[in-house]
> 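One structure, as structure tokens, below. Some questions next.
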Protein chains: 2
Amino acid sequence: MKNRLKLLRAERDWSQGELATRLGISRQSVNAIETGKYDPSLPLAFRIADLFALQIEDIFLRDEEGAGE
Amino acid sequence: MKNRLKLLRAERDWSQGELATRLGISRQSVNAIETGKYDPSLPLAFRIADLFALQIEDIFLRDEEGAGE
DNA sequence: ACATAATGTCAAGTTTCATTGACATAGACG
DNA sequence: CGTCTATGTCAATGAAACTTGACATTATGT
């Protein structure tokens, strides 16, 4: 399960700590999700999608998805 | 976090056990998710969405979503 | 060189998700 | 009635997500 978190965060010029605050989670959790240590829970995925005003499917990608282009 | 799992399952005339098999999880997990005991993980939510050929947002709803109509 | 901010990572702990196995209930069918 | 299927629920366990606290690394700026 890949994700575009780091990219979306960079577009807004937010640090991991800033994003963590906006999501109500720890900086380490943001880092762990960005670096692929684990996937967020579904409720957190919704909060992330809401924050960026995107669909969950536009942020989190099934493995292999987007690799074949 | 509400969901339309029970409805989607009924449309296809599947038992909880049948759905569990198709998702590769236990019958109790399907029941727990349907009855709101907990939310699925993000990867499982993707498998569910794939199975029904829907978006995650079309199956799982933020609390209060769809309540005000 | 020094200080600061940002990131990556580790350990140890709690909470949430998911498992198996078991048992109770309700409905349909002989 | 007995039996089979589906569902709901409990306990106990394990795995995954998330926490705080700490420390190392990298980059930026003075």
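In what follows, chains are A, B, ... by sequence order, proteins preceding strands, each numbered from 1.
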> Considering just the side-chain nitrogens and oxygens of B:S26, establish if one lies under 4.0 Å of OP1 or OP2 belonging to C:dA18.
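For B:S26, the contact criterion (side-chain N or O under 4.0 Å from OP1 or OP2 of C:dA18) is not met.
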
> Hydrophobic clustering (ILVMFWY, side-chain heavy atoms < 4.5 Å, transitive) - are A:W14 and A:L44 grouped together?
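A:L44 and A:W14: one cluster.
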
> Starting at CZ of A:R47 and ending at C1' of D:dA17, how long is that distance when rounded to a whole Å?
12 Å

> Could you give the side-chain donor-acceptor pairs of residues 18-27 of chain B under 3.5 Å, partners two or more places apart or in another chain?
| unit_1 | atom_1 | unit_2 | atom_2 | d |
| --- | --- | --- | --- | --- |
| B:T21 | OG1 | B:G17 | O | 3.0 |
| B:S26 | OG | B:S29 | N | 3.1 |
| B:S26 | OG | B:S29 | OG | 3.0 |

> By salt bridge (charged side-chain N to carboxylate O under 4.0 Å, His left out), which residues pair with A:D50, not counting sequence neighbours?
B:R62

> Would you say the side chain of A:R27 and the base of D:dG21 hold a donor-acceptor pair, judged only by whether the two atoms sit under 3.5 Å apart?
no

> Rounded to whole angstroms, how far apart are CG on B:L44 and P on D:dA15?
18 Å

> To check you understand the geometry: which heavy-atom pair defines the closest contact between B:L54 and B:R4, and what is its length?
CD1-NH2, 4.5 Å

> List in chain and number order the residues that pass salt bridge (charged side-chain N to carboxylate O under 4.0 Å, His left out) with A:E57, two or more places apart in sequence or in another chain; answer none if no residue qualifies.
none

> Return the set of residues passing side-chain hydrogen bond (donor to acceptor under 3.5 Å, both in side chains) with B:N31 (not counting sequence neighbours), or none when no residue passes.
B:Q16

> With B:Q28, which residues qualify under side-chain hydrogen bond (donor to acceptor under 3.5 Å, both in side chains), at least two apart?
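B:Q28 satisfies side-chain hydrogen bond (donor to acceptor under 3.5 Å, both in side chains) with no other residue.
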
> Which residues in residues 5-19 of chain B have a heavy atom closer than 4.0 Å to any atom of DNA chain C?
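By residue number: none to list.
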
> Please list each protein N or O that sits under 3.5 Å from an N or O in nucleotides 27-30 of chain D, with the distance.
none

> Locate the shortest heavy-atom distance separating A:Q55 from A:A49; write the atom from each residue and the value.
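Closest heavy-atom pair between A:Q55 and A:A49: C-CB, 4.2 Å.
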
> Could you state whether B:I48 and B:L8 fall into the same hydrophobic cluster, counting links through intermediate Ile, Leu, Val, Met, Phe, Trp or Tyr residues with side-chain heavy atoms under 4.5 angstrom apart?
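In one cluster: yes.
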
> Give the dot-bracket string for DNA chain D, reading 5' to 3', where a pair is Watson-Crick or G-U wobble with both distances under 3.5 Å, ( ) marks pairs inside the strand, [ ] marks pairs crossing earlier ones, | marks a partner on another strand, and . marks unpaired.
||||||||||||||||||||||||||||||

> Are B:F52 and B:L42 connected into the same hydrophobic cluster when the rule is that any two of I, L, V, M, F, W, Y join if their side-chain heavy atoms are below 4.5 Å apart?
yes

> Under 4.0 Å from any atom of DNA chain C, heavy atoms only: list the residues of residues 28-41 of chain A that qualify, in numerical order.
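Going residue by residue through residues 28-41 of chain A, the ones with a heavy atom under 4.0 Å of DNA chain C turn out to be A:Q28, A:N31, A:K37.
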
> For B:R9, what residues pass the salt bridge (charged side-chain N to carboxylate O under 4.0 Å, His left out) criterion, not counting sequence neighbours?
B:E34

> Only counting residues at least two apart or in another chain, list the ones meeting side-chain hydrogen bond (donor to acceptor under 3.5 Å, both in side chains) with A:N3.
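A:N3 satisfies side-chain hydrogen bond (donor to acceptor under 3.5 Å, both in side chains) with no other residue.
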
> Please check if B:L51 and A:I56 belong to a single hydrophobic cluster, counting links between Ile, Leu, Val, Met, Phe, Trp and Tyr side chain heavy atoms closer than 4.5 Å.
yes

> Treating primed atoms plus P, OP1 and OP2 as sugar-phosphate and everything else as base, which nucleotides of nucleotides 24-30 of chain C get B, S or - for protein heavy atoms under 4.0 Å?
-------

> To the nearest angstrom, how far is B:L23 atom CG from C:dT19 atom C1'?
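Roughly 15 Å, once rounded to whole Å.
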
> In Å and rounded to the nearest 0.5 Å, what is the NZ to OG1 distance from A:K6 to A:T35?
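Interatomic distance, A:K6 NZ to A:T35 OG1, rounded to 0.5 Å: 8.5 Å.
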
> Report yes or no: do B:F60 and A:L61 belong to one cluster of Ile/Leu/Val/Met/Phe/Trp/Tyr joined by side chain heavy-atom distances under 4.5 Å?
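No, B:F60 does not connect to A:L61 through the hydrophobic network.
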
